Amino acid sequence: MTDLSMPASGDDSPRRANEVRALRALLTTVLDAITLPYSTPDYEARLVERAGWACTIRAALDEDPRDLAWNVDFLRAKLDAEEKKARRRHRPTREVLRLRMQMRAAAYNPDRPNEVEALACVATIDTDRLKAVLTGRAPLDHRIPRERLAEVLGVQKVGR
């Protein structure tokens with residue numbers, strides 16, 4: 001890889017500027033790869049996979065440092081595809097979206113943890129399970145007592 005610590009000579013300045021831009025783009029993309037919020041579902045597994053891609057980029061650049069831009073594009077495409085797949089995997093179902101709407105109608109905001117905890121407490125439901133259901137990380141199944149939840153929300157059936 002080009003030594004960027006040396007001052008640029010008159011003839012090499014445009015080429016050097018392009019190399020610096022490409023290197024910054026690579027560093028930004030690698031930082032994006034290894035940075036996820038701790039609250040991200042599947043945090044550890046996703047981080048390990050992303051770090052592996054960053055290591056692959058390093059090995060590829062050891063072979064041919066001139067492919068800097070291609071490697072940036074490759075890593076960005078992998079990250080975009082992984083994020084899209086993660087969004088699909090953790091998308092709430094229609095039933096959960098209806099539950100969220102029923103909660104709002106009963107003055108419980110499903111996006112506020114303290115209000116979800118209050119609802120879980122009143123309905124005697126496992127708070128962590130309810131949070132997982134509301135964020136699409138867990139299915140709305142028999143582990144959530146729907147009758148109790150419906151009674152607290154003032155609806156006939158939860159999610160329907």
Side-chain angles (χ1 to χ4, degrees), residues 1-104 108-121 125-144 158-159:
M1 190 169 282
T2 306
D3 179 15
L4 299 174
S5 63
M6 300 298 293
S9 64
D11 294 338
D12 291 340
S13 289
R15 183 177 61 86
R16 186 175 220 58
N18 286 337
E19 289 174 351
V20 168
R21 275 193 293 277
L23 187 57
R24 283 184 182 145
L26 177 64
L27 291 173
T28 300
T29 306
V30 168
L31 184 61
D32 289 346
I34 60 173
T35 305
L36 282 173
Y38 291 119
S39 61
T40 302
D42 307 327
Y43 172 81
E44 289 179 10
R46 289 180 65 190
L47 197 56
V48 166
E49 184 176 28
R50 290 164 160 241
W53 296 334
C55 290
T56 300
I57 297 300
R58 179 167 186 259
L61 289 173
D62 285 345
E63 282 183 29
D64 189 358
R66 294 172 297 173
D67 283 341
L68 194 60
W70 185 91
N71 282 289
V72 169
D73 292 342
F74 169 81
L75 184 54
R76 178 59 53 204
K78 293 289 272 184
L79 291 173
D80 291 345
E82 187 265 349
E83 287 175 6
K84 186 176 180 181
K85 183 178 175 183
R87 277 193 305 272
R88 275 194 317 264
R89 187 172 51 243
H90 298 292
R91 181 181 305 151
T93 63
R94 284 186 184 158
E95 192 173 36
V96 171
L97 292 174
R98 284 189 198 107
L99 168 60
R100 292 172 64 87
M101 193 169 61
Q102 290 169 334
M103 286 177 64
R104 281 190 182 91
Y108 291 100
N109 186 337
D111 297 320
R112 293 197 175 150
N114 60 332
E115 293 186 26
V116 173
E117 289 170 12
L119 174 62
C121 183
I125 296 173
D126 177 25
T127 303
D128 292 332
R129 184 74 189 170
L130 183 58
K131 286 179 182 178
V133 166
L134 292 172
T135 57
R137 291 179 290 149
L140 179 57
D141 58 14
H142 68 280
R143 290 174 275 189
I144 296 287
V158 170

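In this text the structure is predicted, and so the values were computed from the model without any measurement.
For the 3.5 Å distance criterion, the side chains of Arg15 and Asn18 fail to qualify, holding no donor opposite an acceptor.
Remark: Lys131 pairs with Glu117 by the salt bridge (charged side-chain N to carboxylate O under 4.0 Å, His left out) rule, at least two apart or across chains. Partners of Asp126 under the side chain to side chain contact (heavy atoms under 4.5 Å, CB included) rule, at least two apart in sequence or in another chain, are Asp128, Arg129. Applying the side chain to side chain donor-acceptor pair (under 3.5 Å) rule to Arg58 yields no partners; only residues at least two apart in sequence or on another chain are considered. Looking at residues two or more places apart in sequence or on another chain, you find no side chain to side chain donor-acceptor pair (under 3.5 Å) involving Thr29. Listed by chain and residue number, Arg76 satisfy the side chain to side chain donor-acceptor pair (under 3.5 Å) test with Asp32 (two or more places apart in sequence, or in another chain). Taking Arg66 as the reference, Asp64 meet the salt bridge (charged side-chain N to carboxylate O under 4.0 Å, His left out) condition, with sequence neighbours excluded. Remark: Ala60 pairs with Asn71 by the side chain to side chain contact (heavy atoms under 4.5 Å, CB included) rule, at least two apart or across chains. Taking Arg94 as the reference, nothing meets the salt bridge (charged side-chain N to carboxylate O under 4.0 Å, His left out) condition, with sequence neighbours excluded. Applying the side chain to side chain donor-acceptor pair (under 3.5 Å) test to Arg50 and every residue at least two apart in sequence or in another chain returns Glu82, Glu83. Residues that satisfy the side chain to side chain contact (heavy atoms under 4.5 Å, CB included) test with Arg104, not counting sequence neighbours, are Arg100, Asn109, Pro110, Asp111. Residues meeting the side chain to side chain contact (heavy atoms under 4.5 Å, CB included) test with Arg24, sequence neighbours left out: Val20.
Looking at heavy atoms from C-beta onward, Leu61 lies in side-chain contact with Leu26 at the 4.5 angstrom threshold.
Pairs engaging residues 48-70 under the ring-ring contact (aromatic ring centres under 6.0 Å, His included) rule: Trp70-Phe74 [sequence neighbours left out].
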